[in-house]
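Pasting in a structure now, in structure tokens, and then I'll have a few things to ask.
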Amino acid sequence: MPFQDVPARVDDYAKQEHEVLQLWKDTDAFQTLRTLHAGQPKWSFLDGPVTANNPLGVHHGWGRTYKDVFNRFWTMRGRELRYQNGFDCQGLWVEVEVEKELGFRSKRDIETYGLDAFVRKCKERVLRFAAVQTEQSTRLGYWMDWNDPDHLRELATALMESPLQRMTVQGPRGEVTDTVEQLVGRLGMPDLGGSYFTFSNENNYMIWTFLKQCWQRGWLYCGADVMPWCSRCATGISQHEIVTDGYQELTHTSITLRLPLRGRQGESLLVWTTTPWTLPSNVVAAVGPELTYVKVRQGDEVLYLSKGTLHMLRGAYEVLGEMPGSVLEGWTYDGPFDHLEAARRPGGNGALRDLAQDVSVCAAEAHRVVLWDEVSETEGTGIVHVAPGCGAEDFRLGKEHNLPILAPLDEEGYVLAGFGDFSGQHVSALLDGIRQTLIDSGCLYHVEPYTHRYPTCWRCATELVFRLVDEWFISMDELRHAMMEMTKQIRWIPAFGLDRELDWLRNMHDWMISKKRYWGLALPFWECDACGHYEVIGDDRELAARAVAGWEDFEGHTPHRPYIDAVKIACSTCGGQMQRITDVANPWLDAGIVSFSTLGYRTEREAWRDWYPAHWISESFPGQFRNWFYSLLAMGTVLENSPPFKECFGYATLIAEDGRAMHKSWGNAIEFNEAADRMGVDVMRWLYCAHKPENNLPFGYQRADEVRRQFLIPLWNMYSFFVTYANLDGWEPDREEFEPGRPEGPTPHSDNVLDTWIVARLNQVTERCTTSLQDSDTHAATLAIAAFLDDLSNWYIRRSRRRYWKSTHDTDKHTAYATLYHVLVKLIKLLAPLTPFVTEVMYQNLVRAMQPAAYDSVHHCDWPEVDMAVVDATLLDQMALARQITSLGLGSRGSANIKVRQPLSAALAYVHEGEAAWSETHTAIVCEELNVKSLQFVEQEAQLLSYEVLPNNKLLGPRLGAALGRVRAALTHADAGAVVQQVQSGNAVALSIDGETFELTPDEVLIRTHPAAGLAIATDRGVTVAVETDITPELRTEGLAREIVRRLQVMRRDAGFNIADRIVTYSLGDGPLADALLTWGDYVKAETLSIDLVAGAPPAEAYSEEHRIDGMTITLGVQRRVVTN
RNA sequence: GGGCCUGUAGCUCAGUUGGUGAGAGCGCACGCCUGAUAAGCGUGAGGUCGGUAGUUCGACUCUACCCAGGCCCA
């Protein structure tokens, strides 16, 4: 049973990959893999969930390739894995897309539509995109415990039609029957299997448990803060949402205004703002304690501002004096909006709890100058208008000074009551009225457009405002330090990840976890209507036990709005009725809990211990230090006081080939599906793996072509070469003692130096790959393999070709096949985790088709073992030397402009060291490659070169120290030839310098050579090679014969003959060409598989061409001849 | 303002504890080889290894400062 023929060229690698996918599906290859490795030591990979909200991009492919490579690697190393993918499901991301789908513009649209229907639409969207992403991941060759995408779609449809309908599905532990809504809520749990979904009941209740622990330790609180706020979405926008995509260059109207000082007639503070709408909420003015302020006269008024901002003045002025900021402290002023009711109400207008409880003054009374370190002169006047209800920093300053708070805006950006005519107007429409008030009060100084980076809503591009809101926070005071301890116990790749994470933790404020939206984790905080007391519920069981009303509305639903909101509990303080706050949670809680929720922390604690902490996690690092890595750490710290993962592998950002970020609108984005089918995913995966992960990865078709040309096609060519000749010779691998885990068999024995060399290289590379991948370094692995592919293709096979196509069937030929077979099979196992498709294709033919006992898939095999006994360092050195001599010889031929096809009589080589183990075989290899009749080593390099002698700094530096410089100089001036002779005969070199004698051992002297002029020579690293350039008539004749052979070979191919076809060759010509054919007739016949060489014109049915060689003409013809024997 | 990363050929990047020639791929030019190879090989042009100072016998490599770019925080 021969191998299946392999085409020399694959037209469509992507098509081939689809066939492999079908094979895996038909043979259930992934399940077989799990069975094979069940019960082995565990390697725990915890997947960072991908937001199931859109199709995957090629940047997801990068991360998923890493995940799959290491999953496959550790599986082959004999580990049991979980293979659970994760989908991130809850949060504003999904809401935004569903709102777009439904054409909604505001929260009111959602409430009109109905929370129940809206939340179901969110779930439906997640299920549908989880199905899409599952298909795309499968296409990438990512082996995970995937759900059937069609089943996910069925659930999505059923959820929209009748969520309470009961369904039965087959799970890994048997049939499961439940309502559609509950089946969706149980996805990813052990009885249903498949990917985990962060909207699952278990995920949500596990977060409740976490929050309750935080609460019990006193870390959970409801507090007020000023947040960036979108008035159209009516929600706070957290800092990381702004960072992602939120800043735009915008031009606003900036205003410079006077604040008239009380008790200083005609004198004013000059302040500047880019947000005039905040002026009616002004409470104090701040100056920098380190800054110098000036008093200036302008016309009949006196103004104060900082010395470094005098350019803010318009018109002539006179400086009256200078003073430090501290002099201004405590001065009071009149605000232009003090007539407003809000400015006259003690404590301000804040509707929020307790904020201004003990503040008895109103804003108008509070107006004074305070000191503030954060005031600078980089913009403005050095005097800052402070509105504690309208800015985060202002708010903190207000708390520090116990100031009243004016918070002017409602959820949708309209001004609240108490602000006179402004009340009821939208924040975007306030400018004119404010300007008019300033004019009327004489406070307006200057108005000017101002362009700056300003945060906008990433969803709707509305300019954000800063709004005082009640939110829920986890205090970082204590947690921060514990998390930093955990962080230090983790291995971060790249290593700077540790510093990044620690930096984030050091600077992190209290963690805001609430969001006033609809689709997300329902925060388990119940608040008493009567006394305001609140409690945190730890899970579903506790809720059931505490419920006093509304349970019947909730029962049977997942813990999401609106149903969860119906459940009331009794207040443990006053006995009143408590209801849930309506906020949902920050989605990073969802992703952070997965080391508990997906591993069975609440339900199967022993199994959880088997898989926690994860050995390895991986995500793109730019954002995740503050997101997923952070939230995992927080939950591991709170729940178990341990790091939830041991190694964190981060990678940078994928960019387009043009060096810019990929953007659809820039036309440089590449869709995942398109890339997969145009490049082939093996190419994509190699491209990903060959990159250093801490650098941004340029991705595109040009780079993919390079990978195909340099990696995939050469690999395929070698495979095709092997199969072609093995089939011609009927060679088949040994079927005795076949082990399915090691289909390459034991290391073959051979007396051929090329065989032993390539086997040594193979094991060397196997060792490097093993070490690299254990160390989470795919880049090093690809470098090692790429070098090996070059050795295999451009040296081993190239130099061994004749062994395969010679006509006798001898031991050497058999050994050649056995060796190449062994090498190819072991190589594809090394490559299998990196490029799972092409290796599978090769395996199916090389192994599976030949060995009845073979595993179904290359991915079921064991990781190749390293046979260090065959890694002979001397052998490797010698072959490296042979390649070097060859390369230099070709170089020297080139410099003499003599083609390799022209035989030459001799090559002369001088080798500085290491020729001891040189053999005749090496000589033969070099002669053949260089096309010379002999290779001679010369004793005296001086025949070819001149010398330079240098001190061996590495040895002499430590010994001589500062004297090294003088020794170097003395060596330079010494007779180099004499020194070299001393060294080469193993004697010490004595140098006399300024009456002092230095003895240098041979090791301590390095010899460098320079080629002498006038010879066709080349030199490199202590090796020198020359070729004799004299071409005798005999050599010329032989050269012509080789030239004719080459042309006949091309003609054979052009005529469409098979490589094993026998032919008759015709030649019509005379002179030296005819002589060459006569003299070298047997050679020509053997090389071209000609059974006859006919002198004369080729017959009409032969394929013939006229050739010009060295100015002479010859007509050649080839004709196929059937041989019967 | 603070933290982290990056700076090596026209472009994209390797360069393993400091050790003497500074490399690859792409692109360009010229040549070679082809009985696996629309592949490969060789040669050439092109570099103050961001800059300055320091440590050292010796720095692309270590240290400090500076410059430029990126990311994060403020």
Side-chain angles (χ1 to χ4, degrees), chain A residues 6 8-9 239-240 243 373-374 376 378 392-393 494-504 506-509 621-623 625-626 652-653 657-659 690-692 694-698 702-703 705-710 712-725 779-780 783 786-787 790 793-795 797-798 801-802 804-805 886-895 897-901 929 931 950-968 1006 1008 1018-1022 1045-1046 1048-1050 1052-1053 1057-1061 1087-1089:
Chain A
V6 175
R9 175 188 165 199
Q239 200 60 37
H240 78 254
V243 166
D373 286 336
E374 294 187 33
S376 81
T378 49
E393 296 83 7
F496 64 73
L498 175 65
D499 290 330
R500 287 267 185 100
E501 191 64 51
L502 289 176
D503 183 57
W504 167 253
R506 253 191 303 274
N507 292 307
M508 159 105 194
H509 294 174
F621 56 59
F625 291 111
R626 63 172 188 269
T653 304
E657 259 174 349
D658 60 13
H691 191 73
K692 288 222 302 188
E694 64 265 38
N695 295 344
N696 287 346
L697 168 63
Q702 219 170 317
R703 291 175 65 97
D705 282 341
E706 282 177 35
V707 169
R708 186 168 38 247
R709 285 215 314 275
Q710 283 164 18
L712 196 56
I713 290 177
L715 176 68
W716 189 265
N717 285 335
M718 292 189 277
Y719 164 58
S720 162
F721 170 85
F722 170 79
V723 168
T724 303
Y725 285 95
H779 173 242
L783 283 180
D790 178 65
S793 170
N794 288 319
W795 196 247
I797 292 182
R798 178 181 161 82
R801 277 178 299 190
R802 280 167 189 274
Y804 298 95
W805 76 60
T886 305
S887 168
L888 289 168
L890 289 170
S892 54
R893 288 187 78 111
S895 67
N897 212 7
I898 303 171
K899 290 182 179 186
V900 177
R901 223 172 292 129
E929 187 69 18
N931 197 14
L950 293 167
N952 185 333
N953 291 338
K954 193 168 188 175
L955 297 175
L956 286 174
R959 179 155 88 82
L960 298 179
L964 183 59
R966 285 185 290 145
V967 170
R968 180 199 316 276
L1006 293 179
R1008 195 188 292 173
T1019 187
D1020 180 46
R1021 287 179 245 191
V1045 165
R1046 191 186 77 85
L1048 285 170
Q1049 305 291 24
V1050 175
R1052 281 182 61 110
R1053 192 170 61 194
F1057 299 168
N1058 291 323
I1059 54 172
D1061 285 344
E1087 289 295 307
T1088 58
L1089 299 186

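Protein chains get the first letters and strands the later ones, always in sequence-line order, with residue 1 at the start of each.
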Where the side chain of A:Asp499 is defined as all heavy atoms beyond and including C-beta, which of B:A36, B:C4, B:A74 is the nearest nucleotide? B:C4
Below 4.0 Å: OP1/OP2 of B:C26 and any side-chain N or O of A:Gln710: yes
Worked verdict on A:Phe721 versus A:Arg801 for side-chain contact (heavy atoms from CB on, under 4.5 Å): CA-CA 9 Å; A:Phe721 170 85; A:Arg801 277 178 299 190; 4.0 Å; yes
Please produce a list of atom pairs where a protein N or O lies less than 3.5 Å from an N or O of nucleotides 60-67 of chain B.
none

Closest non-hydrogen atom pair, A:Asp499 against A:Arg506: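 Between these two residues, the closest heavy atoms are O-NH2, 4.5 Å.
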Could you measure between the two P atoms, the one in B:C30 and the one in B:A45, and give it in whole Å? 16 Å
Using a 3.5 Å cut-off on both pairing distances, which stems of three or more Watson-Crick or G-U pairs include RNA chain B?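 Consecutive-pair runs (3 or more) involving RNA chain B: B:1-7 with B:67-73, B:10-13 with B:23-26, B:28-32 with B:40-44, B:50-54 with B:62-66.
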A:Leu1089 near the nucleic acid: base, sugar-phosphate alone, or nothing, with a heavy-atom cut-off under 4.0 Å?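 It contacts base atoms.
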Among B:C5, B:C72, B:A36, find the nucleotide with the atom closest to the side chain of A:Arg626. B:C72
Are any of A:Tyr725's side-chain N or O atoms less than 4.0 Å away from OP1 or OP2 of B:A36? yes
With C1' as the reference atom in both, quote the distance from B:G69 to B:G51 in angstrom, rounded to an integer.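 Roughly 15 Å separates the two C1' atoms.
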Report, as a single string ordered 5' to 3', how protein heavy atoms within less than 4.0 Å touch nucleotides 10-17 of chain B: B base, S sugar-phosphate only, - not at all. --SSSS--
Separation between CZ of A:Arg703 and CZ of A:Arg708, rounded to the nearest 0.5 Å: 14.0 Å
Just checking A:Gln1049: base, sugar-phosphate only, or nothing, at a heavy-atom cut-off of under 4.0 Å?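 Base: the residue A:Gln1049, judged by heavy atoms under 4.0 Å, touches a nucleobase.
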Pick base, sugar-phosphate or nothing for A:Trp504, based on heavy-atom distances below 4.0 Å to the nucleic acid. sugar-phosphate
Taking atom C1' in both B:U52 and B:G7, what distance in whole Å separates the two?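 To the nearest whole Å, 16 Å.
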Atom CG in A:Leu502, atom CZ in A:Arg500: separation rounded to 0.5 Å?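 It comes to 12.5 Å.
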Quick one: pull up CG in A:Asn695 and OG1 in A:Thr653 and give me the separation to the nearest 0.5 Å. 11.0 Å
Just how far, in rounded Å, is C1' of B:G40 from CE of A:Met718?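 Nearest whole value for this atom pair: 11 Å.
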Could you label the plane-to-plane angle of the A:Tyr719 and A:Trp716 rings as parallel, tilted or perpendicular, counting under 30° as parallel and over 60° as perpendicular? perpendicular
Pairwise C1' distance for B:C57 and B:G46, with rounding to whole Å: 33 Å
With a 4.5 Å limit on heavy-atom distance, are the side chains of A:Asp1061 and A:Arg1052 in contact?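 Sidechains of A:Arg1052 and A:Asp1061: in contact.
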In whole angstrom, give the distance that lies between atom CD of A:Gln702 and atom C1' of B:G25. 12 Å
Rounded to the Å, how far apart are A:Arg708 CZ and B:G25 C1'? 16 Å
Atom C1', compared across B:G18 and B:G3: separation rounded to whole Å: 28 Å
CD of A:Gln710 to CG of A:Asp705: how many Å apart, nearest 0.5 Å?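 Between A:Gln710 CD and A:Asp705 CG, I get 10.5 Å after rounding to 0.5 Å.
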Quickly work out the A:Glu501 CD to B:G3 C1' distance and round it to whole Å.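 The answer, rounded to whole Å, is 13 Å.
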What's the CZ-C1' distance between A:Phe621 and B:G70, to the nearest Å?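 These atoms are roughly 11 Å apart.
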Nearest-angstrom distance from the residue atom CD1 of A:Ile797 to C1' of B:C41: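 Distance, rounded to whole Å: 16 Å.
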Tell me what A:Arg500 touches on the nucleic acid: a base, only sugar-phosphate, or nothing, going by heavy atoms under 4.0 Å.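 Contact class for A:Arg500: base.
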Run the salt-bridge test on A:Arg802 and A:Glu1087 with the 4.0 Å N-O cut-off and return the result as yes or no.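 So A:Arg802 pairs with A:Glu1087 through a salt bridge.
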Strictly distance-based, threshold 3.5 Å: is any side-chain N or O of A:Glu657 a donor or acceptor partner for the main-chain N or O of A:Gln702? yes
Looking only at side-chain N and O atoms, does A:Arg1052 come under 4.0 Å of OP1 or OP2 in B:G35? no
Toward the 5' end of RNA chain B, by each residue's nearest nucleotide, A:Glu1087 or A:Asp790: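 By nearest-heavy-atom nucleotide position, the 5'-most residue is A:Glu1087.
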With rounding to whole Å, what would you report as the distance between B:U8 and B:C13 at their C1' atoms?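 Going atom to atom, C1' in each nucleotide, I get 9 Å.
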How about A:Phe621 and A:Phe496: are their ring centres within less than 6.0 Å of each other?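 Centroid distance A:Phe621-A:Phe496: below 6.0 Å, so yes.
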Between B:G54 and B:A14, how far apart are the two P atoms, rounded to whole Å? 31 Å
At under 4.0 Å between heavy atoms, what does A:Arg802 touch on the DNA or RNA strands: base, sugar-phosphate, or nothing?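 A:Arg802: no heavy atom of the nucleic acid under 4.0 Å.
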Distance check needed: B:C73 P versus A:Leu502 CG, whole Å only.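 Atom CG in A:Leu502 sits about 16 Å away from atom P in B:C73.
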Provide, to the nearest angstrom, the distance between the CD atom belonging to A:Glu706 and the C1' atom belonging to B:G40.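 After rounding, the gap between these two atoms is 15 Å.
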Would you classify A:Thr653 as touching base, sugar-phosphate or nothing, given that sugar-phosphate means primed atoms plus P, OP1 and OP2, and contacts are heavy atoms under 4.0 Å?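 Touches nothing.
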Using the P atom on both, measure B:C5 against B:C62 and round to a whole Å. 12 Å
Working to the nearest 0.5 angstrom, can you tell me the gap between A:Leu712 CG and A:Glu706 CD? 14.0 Å
With no hydrogens and no angle check, is any side-chain donor or acceptor of A:Asn696 less than 3.5 Å from a backbone partner on A:Ala652? no
What distance do A:Leu1048 atom CG and A:Leu1089 atom CG have between them, rounded to the nearest 0.5 Å? 11.5 Å
Of the nucleotides B:C26, B:C5, B:U34, which one has an atom closest to the side chain of A:Arg901? B:U34
When you measure from the side chain of A:Asp503, which nucleotide among B:A36, B:G3, B:C73 comes out closest? B:G3
NA contact type, A:Arg506, heavy-atom cut-off 4.0 Å: base, sugar-phosphate, or nothing?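 A:Arg506: no heavy atom of the nucleic acid under 4.0 Å.
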